[in-house]
S.K.: 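Below you will find the structure I want to go over with you.
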Amino acid sequence: MTEAGGRAAQLKSSGLRHGWTTGACATAAATAAYTALLTGEFPDPVVITLPKGQQPAFALAVEELGGGRATAGVVKDAGDDPDVTHGALVRATVSAAEPGTGVVFRAGPGVGTVTKAGLPLPVGEPAINPVPRQMIRDAVAGVAAAHGGTGDVVVEVSVDHGEEIARSTWNPRLGILGGLSILGTTGIVVPYSCSAWIDSIRRGIDVARAAGRTHVAGCTGSTSEKVAVAVHGLPEDALLDMGDFAGAVLKYLKRHPVPRLTVAGGFAKLSKLAAGHLDLHSARSQVDKGHLAGLARQGGASPELADRVVAANTGLEAVQLCAAAGVPLGDLVAEGARATALGVLTGSPVAVDVICIDRAGAIVGRAAPAGPGVSR
């Protein structure tokens with residue numbers, strides 16, 4: 001019987017403790033606050049349901065009720081990940097909204113506002129990302145159903161000292177001003193940034209090989225993992241949660257090959273791989289918009305469009321600008337990432353294909369399999 005593989009097994013084998021995203025904390029706080037607004041009592045601990053069905057419980061650090069509003073606060077626990085928001089107090093204040101409005105989001109103190117294009121939210125919106133918004137909407141609907149509410153509420157999310165903490169992030173450069181972003185696609189913080197996670201990647205490859213897998217996927221996160229499964233139908237023990245450590249996957253596969261590797265990830269991260277970076281963490285490599293502009297020119301971009309790519313706020317904005325002009329920047333980045341991967345794998349019988357996605361999981365670029373054993 002082979003050992004279990006996949007994302008969950010990697011985390012277990014790493015010996016690291018996972019934590020909770022700011023989105024999960026905000027959802028827990030909003031759930032508790034709305035419950036108190038309807039019932040007069042704060043649930044403590046408060047249980048929420050994450051996108052993959054887990055139901056963690058959160059202790060409340062703040063409970064305030066009065067004047068037609070309720071506030072609850074949760075202290076973020078990032079587990080063993082060196083997250084700058086570890087220990088931050090995330091608050092949600094809930095009050096009644098106009099009938100039929102649903103959940104209206106507001107940025108409280110310490111939560112930023114979007115001021116530039118290229119992010120997954122429109123300019124002027126609170127920097128509460130789409131998945132946390134949906135988690136909060138779902139939680140509000142659940143509380144309303146349980147306690148006779150309408151679900152029409154204003155949810156104001158704030159983070160104590162968030163504006164100060166945000167100076168240690170890329171938010172100001174991205175045009176998110178006034179504080180932090182409320183983030184997370186699974187609700188869970190997976191601790192990547194240490195040697196133990198690299199060891200877990202190696203173990204994941206060993207498990208896949210022991211199971212006889214001939215095709216594995218190295219994914220930067222849960223969204224790209226879902227896309228890789230949808231495209232290739234891979235089983236769980238063929239999925240490698242590489243996070244930012246593309247180099248760890250490639251170097252270990254060079255020594256312990258599997259015939260086929262799919263690299264799947266966000267466009268911005270894979271643009272770093274296309275530029276030759278093997279560590280995709282924001283603290284150690286950046287999106288090179290000059291490099292993107294060069295690729296765009298190779299794809300037929302005009303000088304004016306290339307200039308707009310250089311001036312783009314994010315990699316996502318750059319690929320959107322090019323797509324609108326019929327320039328396949330996403331495919332060119334995928335091909336560049338494949339070339340970098342094949343360069344590391346030189347001499348090893350591993351073919352590589354690449355899938356680039358946007359934040360919503362839509363495919364914005366692909367490179368077909370290339371390498372040993374692939375017919376031209």
S.K.: If you count heavy atoms of other groups shown closer than 6.0 angstrom to NE2 of His161, is the number above 12?
M.R.: no
S.K.: Considering only NZ, NE, NH1 and NH2 on the basic side and carboxylate oxygens on the acidic side, decide whether Asp244 and Lys269 come within less than 4.0 Å.
M.R.: yes
S.K.: Quick one: OG1 on Thr21 to CG on Asp77, what's the gap to the nearest 0.5 Å?
M.R.: 11.5 Å
S.K.: To the nearest 0.5 Å, how far apart are SG in Cys25 and CD1 in Ile48?
M.R.: 8.0 Å
S.K.: Against Val104, only a single residue in Val153, Val154, Val155 fulfils side chain to side chain contact (heavy atoms under 4.5 Å, CB included); can you say which?
M.R.: Val154
S.K.: Quick check on the hydrophobic clustering: are Ile355 and Leu292 connected, directly or via other members, by side-chain heavy-atom contacts under 4.5 Å?
M.R.: no
S.K.: Does one side chain, of Ser271 or His291, offer a donor that lies under 3.5 Å from an acceptor on the other?
M.R.: no
S.K.: Just so I know, are the side chains of Pro132 and Leu183 near enough to count as touching, which here means a heavy-atom distance under 4.5 Å?
M.R.: no
S.K.: Look only at the side chain of Asn171 and the backbone of Ala166, and say whether a donor-acceptor pair between them is shorter than 3.5 Å.
M.R.: no
S.K.: If you measure from CD1 on Ile128 to OG1 on Thr27, what distance do you get to the nearest 0.5 Å?
M.R.: 9.5 Å
S.K.: Just wondering, do Leu261 and Val258 contact through their side chains at under 4.5 Å, heavy atoms?
M.R.: no
S.K.: Taking the side chain as every heavy atom from C-beta outward, state whether Pro51 and Gln134 have any atom pair closer than 4.5 Å.
M.R.: no
S.K.: Could you grab the distance from atom OG1 of Thr223 to atom CD of Glu225, nearest 0.5 Å is fine?
M.R.: 9.5 Å
S.K.: Find the distance between SG (Cys219) and CG (Leu239) and round it off to the nearest 0.5 Å.
M.R.: 6.0 Å
S.K.: With a 4.5 Å cut-off on side-chain heavy-atom distances among I, L, V, M, F, W and Y, is there a chain of contacts connecting Val216 to Leu278?
M.R.: yes
S.K.: Counting C-beta onward and ignoring hydrogens, is there a side-chain heavy-atom pair between Thr220 and Met242 closer than 4.5 Å?
M.R.: yes
S.K.: Of the non-hydrogen atoms in Asp44 and Ala59, which two are nearest, and what is the gap between them?
M.R.: OD1-CA, 3.5 Å
S.K.: State, yes or no, whether a side-chain contact exists between Arg69 and Val94 at a heavy-atom distance under 4.5 Å.
M.R.: no
S.K.: Can you establish whether the number of heavy atoms outside Gln54 located under 6.0 Å from its atom CD is more than 12?
M.R.: yes
S.K.: Is there side-chain contact between Thr314 and Phe267, with at least one heavy-atom pair below 4.5 Å?
M.R.: no
S.K.: Could you check if a side-chain atom of Leu60 sits within less than 4.5 angstrom of a side-chain atom of Val46, using non-hydrogen atoms only?
M.R.: yes
S.K.: Run the side-chain hydrogen bond (donor to acceptor under 3.5 Å, both in side chains) test on Thr35 and His147 for me, step by step, so that the C-alpha distance in whole Å, both residues' side-chain angles and the decisive distance to 0.1 Å come before the verdict.
M.R.: CA-CA 8 Å; Thr35 301; His147 301 293; 4.8 Å; no
S.K.: Ignoring hydrogens and angles, state whether a donor on the side chain of Thr49 or Asp138 is under 3.5 Å from an acceptor on the partner side chain.
M.R.: no
S.K.: Could you measure the distance from the CZ atom of Arg137 to the CZ atom of Phe105? Nearest 0.5 Å is fine.
M.R.: 4.5 Å
S.K.: Thinking salt bridges, do Arg260 and Asp353 make one under a 4.0 Å N-O criterion?
M.R.: yes
S.K.: Does Arg359, at its CZ atom, have more than 12 non-hydrogen atoms belonging to other residues, nucleotides or ligands within less than 6.0 Å?
M.R.: no
S.K.: Has Arg133 got more than 12 heavy atoms of other residues, nucleotides or ligands less than 6.0 Å from its CZ?
M.R.: yes
S.K.: What verdict does the side-chain hydrogen bond (donor to acceptor under 3.5 Å, both in side chains) test give for Thr186 and Lys52, after you've listed the backbone C-alpha separation in whole Å, the side-chain angles of each residue and the deciding distance to 0.1 Å?
M.R.: CA-CA 7 Å; Thr186 65; Lys52 290 192 173 183; over 6 Å; no
S.K.: Is a side-chain donor-acceptor pair under 3.5 Å present for Thr85 with Lys76?
M.R.: yes
S.K.: Side chains of Val111 and Glu156: closer than 4.5 Å at any heavy-atom pair?
M.R.: no
